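Notes for the one structure printed next.
The analysis underlying the following values was restricted to heavy atoms, covering all of them including side chains, and did not include hydrogens, waters or symmetry mates. In this text, all values refer to a predicted model and were calculated from it rather than measured experimentally.
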Amino acid sequence: LGASALMQGLADGYFVLPYTIGDYLSHKIQAPKVATSTPAFEQAERAVREKIDKLLAIGGKQSVDDLHKKLGHIMWENVGMARSKESLQRAIDQIKALREDVLEFRRMMEGQVAALAAVRATEADRARLVRLYDELEAACQGDDLARQSRADVAFHLGIADAAHNAMLAHLMAGLLDMLASNIHENVANLFHHAQPVAGQLLAQHRAIQEAVLAGRPDEARQAAEGHIHFIHSTLTSWRDEARRIERASRRLAVDDMTG
């Protein structure tokens, strides 16, 4: 039942919605046209263009929706009712490749958001970021991984809110929501299993916070991008080492059986 409900939900979003939204919008054809010569329209258009220009300045190649659709397509093709061992392995491989795209997108996004926050943060934003960092630091003193991951997400969303760009904040919220389980896994690996790394991560969060509080956008961007790069490279290194250990263990088991 769970797999069937998942497939139906994916089908509704991936196949049904694109073909039904047109009918919904068709009823708006008779609506009167909006005048484009008023000061209010010009102001709104200018504000939207500024936000779009800043969003495009990130240099990303894919939107959050693109990544959602790719993940949905992987699930639809490989994890349905007719799934097999081969299709599940194929899905795992494809999700690993998609993870690289997500991390690249997040690195660019986090850097842009932190730089804007350093320029635009208000006193209320700064006070909130101090509180969010304190909560993250307190959460990392214990063993509650769920609390740690929530505090981590809250800190990054706080940076996004301080950027005062509705589109970037929306994209960050959608990206972090999509990565919720991935972030929990990362926290479990980085904070729980390697205390020296946990200290480095806290120092990276503190560097982002301090650069934003001091109003230094270039430092904030570098600190945020460096933080995501560190997570990526550390986890990749650990996964590679785990695969090497697994291969060595299999060879040892074969040698024991044949010896």
Hits for salt bridge (charged side-chain N to carboxylate O under 4.0 Å, His left out) against Asp161, two or more places apart or cross-chain, chain-then-number order -> Arg128
For Glu225, give me all partners under side-chain hydrogen bond (donor to acceptor under 3.5 Å, both in side chains), at least two apart in sequence or on another chain. none
Identify, with sequence neighbours excluded, every residue that meets side chain to side chain contact (heavy atoms under 4.5 Å, CB included) alongside Glu219. Ala211, Arg216
Kindly write out the residues that satisfy side chain to side chain contact (heavy atoms under 4.5 Å, CB included) with Ile228, not counting sequence neighbours, or none if the list is empty. Leu103, Arg106, Arg107, Glu110
With a 6.0 Å cut-off on the ring centroids, do His205 and Tyr133 count as close? no
Which residues pass the salt bridge (charged side-chain N to carboxylate O under 4.0 Å, His left out) test with Arg90, sequence neighbours left out? none
Heavy-atom pair with the smallest gap, counting every atom of Ala121 and Val212: CB-CG1, 4.3 Å
Contacts of type salt bridge (charged side-chain N to carboxylate O under 4.0 Å, His left out), residue Arg206, not counting sequence neighbours: none
How would you list, by chain and number, every residue that makes a salt bridge (charged side-chain N to carboxylate O under 4.0 Å, His left out) with Glu137, sequence neighbours excluded? none
Considering residues at least two apart in sequence or located in another chain, which fulfil the side-chain hydrogen bond (donor to acceptor under 3.5 Å, both in side chains) criterion with Glu45? Arg49
Worked verdict on Leu201 versus Ile231 for side-chain contact (heavy atoms from CB on, under 4.5 Å): CA-CA 8 Å; Leu201 286 171; Ile231 292 174; 3.9 Å; yes
Determine whether Leu132 and Leu136 make a side-chain contact, defined as any pair of heavy atoms from C-beta on separated by less than 4.5 Å. no
Does Phe155 reach the side chain of Gln209, with side-chain heavy atoms less than 4.5 Å apart? yes
Shortest non-hydrogen contact from Ala115 to Ala220? N-CB, 4.2 Å
Report yes or no: do Asp125 and Thr122 form a side-chain donor-acceptor pair below 3.5 Å? yes
Could you work out, with side-chain hydrogen bond (donor to acceptor under 3.5 Å, both in side chains) as the rule, every residue matching His229, not counting sequence neighbours? none
With sequence neighbours excluded, what pairs up with Val119 under the side chain to side chain contact (heavy atoms under 4.5 Å, CB included) test? Pro217
Within 6.0 Å of CD in Gln141, more than 12 heavy atoms from elsewhere: yes
Just jot down the side chain to side chain contact (heavy atoms under 4.5 Å, CB included) partners of Ser37, sequence neighbours excluded, or say none. none
Do Arg46 and Gln43 make a side-chain contact, defined as non-hydrogen atoms from C-beta onward lying under 4.5 Å apart? yes
Smallest separation among heavy atoms of Ala162 and Leu129, with atom names: CB-CD1, 4.4 Å
Do Glu42 and Thr36 touch side chain to side chain, with heavy atoms closer than 4.5 Å? no
Using atom types as modelled and distance alone, determine if a side-chain donor or acceptor of Asn78 lies under 3.5 Å from a backbone N or O of Ile74. yes
First locate atom OH of Tyr24, then atom CD1 of Ile21, and finally report the distance between them rounded to the nearest 0.5 Å. 8.0 Å
If you round to the nearest 0.5 Å, how far is CD of Gln204 from CZ of Phe230? 5.0 Å
Testing the basics here: between Ala160 and Val113, what is the closest heavy-atom pair and its distance to 0.1 Å? CA-CG1, 3.3 Å
Under 4.5 Å between any side-chain heavy atoms of Ile208 and Ile159, yes or no? yes
Just to verify, what does Glu123 make a side-chain hydrogen bond (donor to acceptor under 3.5 Å, both in side chains) with, not counting sequence neighbours? Arg126
